[in-house]
Structures are given as C-alpha cells and as structure tokens.
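Notes follow once the structure below has been shown.
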Amino acid sequence: ENAKAVCERIRAAVENYPWYNLNPDLKVTLSIGVSDDIAVANCDRMMALADDKLYKAKRGGKNQVQS
C-alpha cells in the first residue's frame with residue numbers, strides 16, 4: 001500500500017504540473033504498475049508482474065496506478 005500511495009502522489013504531481021507553460025496544448029498523464037508480491041521467485045518476475053499491471057492501467061483508461 002505504501003508503494004501504491006507514493007506512485008499515486010507521483011501520478012498526481014505529473015498530471016497537475018503546469019505543462020501549459022511549455023505548450024498550451026500539452027497535457028501529460030502517467031500510468032504506473034506496482035507489484036507487491038514479495039513471494040515471487042526473483043526480481044525479473046516481479047518486474048513482469050508490475051509490467052502486467054501497467055498494461056492493465058493503460059487498458060483501464062490510463063492515468064492511474066494499478067497494483
């Protein structure tokens with residue numbers, strides 16, 4: 001839950017940044033996948049699980065954190 005909360009703060013900061021100062025039409029959002037299963041065999045598997053969550057976030061409408 002802590003990792004998800006940190007990622008949510010980062011996501012919100014990116015979304016709320018005044019990108020319009022760079023370009024009036026620019027809008028930036030962020031999707032993040034978080035793996036919290038510490039029982040996985042190795043870091044490669046944990047990264048794969050986080051990657052799966054990232055694509056779930058993108059399919060779910062983008063600009064969100066999935067764990």
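When side chains are defined from C-beta on, Ile10 counts as touching Leu30, because their heavy atoms get closer than 4.5 Å. Residues Ile32 and Leu54 form no side-chain contact, since every pair of their non-hydrogen atoms from C-beta on lies 4.5 Å or further apart. The shortest distance between side-chain heavy atoms of Asn42 and Arg45 falls below 4.5 Å.
Hydrophobic clustering (ILVMFWY, side-chain heavy atoms < 4.5 Å, transitive): Val65 and Val14 are in one cluster. Val28 and Tyr20 are assigned to two separate hydrophobic clusters, defined by single-linkage of ILVMFWY side chains at heavy-atom distances under 4.5 Å.
Note that NZ of Lys58 is 13.0 Å distant from CD of Gln66, once rounded to the nearest 0.5 Å. Separation of atoms NZ (Lys27) and OG1 (Thr29) is listed at 6.5 Å; rounding is to 0.5 Å. Distance CG/Asp37 to NZ/Lys53: 9.5 Å, rounded to 0.5 Å. Atom OG of Ser35 is separated from atom CE of Met46 by 4.5 Å, given to the nearest 0.5 angstrom.
Identified under the salt bridge (charged side-chain N to carboxylate O under 4.0 Å, His left out) test for residues 2-24, with sequence neighbours left out: Glu8-Arg11, Arg11-Glu15.
For Asn23, the side chain to side chain contact (heavy atoms under 4.5 Å, CB included) partners are Asp25, Leu26, not counting sequence neighbours.
Distance alone, capped at 3.5 Å, is enough to place a donor-acceptor pair between the Asn16 side chain and the Ala12 backbone.
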